[in-house]
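The analysis underlying the following values was restricted to heavy atoms, covering all of them including side chains, and did not include hydrogens, waters or symmetry mates.
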Amino acid sequence: MEEHLPKVQSGNDVEAEFKKFWDAQGKAEIEKICSEENLDADKVTKMISSYLFTERLPFRDDVVNAMNEKPKLLKRKAVSQRVLDKVLGYIKTFIDGAPE
């Protein structure tokens, strides 16, 4: 608590400060996923927004289009599924599991 919320003066500020902390953690996680998988962060953000709006999983081509380097055809299914799993994990943790 002291490490992440040292400037909180009153109990009323805890919720707002935690939201800032949670948002920063979410942003860091997106950056980590994009770095690990060599993805375009803007395209990933758009893909997440589209998923949240439509409640439909992105198509494999959408995932592949977010990649800076496209995998060979034989590896696309496995690679795109791995990326999709990471993105869905992010959504489950930072959006669906986010504090109100």
Query raised in the report: What's the verdict on side chain to side chain contact (heavy atoms under 4.5 Å, CB included) for Arg60 and Gln81, showing C-alpha distance, side-chain angles and the deciding distance?
Result: CA-CA 8 Å; Arg60 185 179 309 147; Gln81 187 61 52; over 6 Å; no
Query raised in the report: So, for Phe94 and Trp22, which heavy atoms are closest and what is the spacing to 0.1 Å?
Result: O-NE1, 3.5 Å
Query raised in the report: Closest heavy-atom contact between Glu55 and Leu52?
Result: CG-O, 4.0 Å
Report summary line: CD1 of Ile95 to OG of Ser49, rounded to nearest 0.5 Å, is 7.5 Å
Report task. Working to the nearest 0.5 Å, report the span between CE of Met67 and CZ of Arg76. Result -> 8.5 Å
Query raised in the report: Is the backbone N or O of Lys77 less than 3.5 Å from a side-chain atom of Ser80, with the two atoms forming a donor-acceptor pair by type?
Result: yes
Query raised in the report: Where is the tightest heavy-atom contact between Val64 and Lys70, given as atom of each residue plus distance?
Result: O-CD, 3.3 Å
Query raised in the report: Between Lys27 and Asp23, is the closest basic N to carboxylate O distance under 4.0 Å?
Result: no
Report task. Quick one: pull up CG in Asp40 and CG in Asn65 and give me the separation to the nearest 0.5 Å. Result -> 10.5 Å
Query - Expected output: side-chain Ser35 to main-chain Glu31 donor-acceptor under 3.5 Å - result: no
Query raised in the report: Taking everything shown except Lys32 itself, do over 12 heavy atoms lie less than 6.0 Å from its NZ?
Result: no
Report summary line: Contacts satisfying ring pair (Phe, Tyr, Trp, His ring centres under 6.0 Å) that involve residues 25-73 (not counting sequence neighbours) are none
Report summary line: So CG of Asn68 and SG of Cys34: to nearest 0.5 Å the spacing works out to 8.5 Å
Report task. Quick one: pull up CZ in Phe18 and CD in Gln25 and give me the separation to the nearest 0.5 Å. Result -> 9.0 Å
Requested in this report: List in chain and number order the residues that pass salt bridge (charged side-chain N to carboxylate O under 4.0 Å, His left out) with Arg82, two or more places apart in sequence or in another chain; answer none if no residue qualifies.
Outcome: Glu37
Requested in this report: Identify the heavy atoms of Val63 and Val83 that sit nearest to each other, and give their distance.
Outcome: CG1-CG1, 3.6 Å
Query raised in the report: Roughly how far apart are Ile33 CD1 and Tyr90 OH, rounded to 0.5 Å?
Result: 8.0 Å
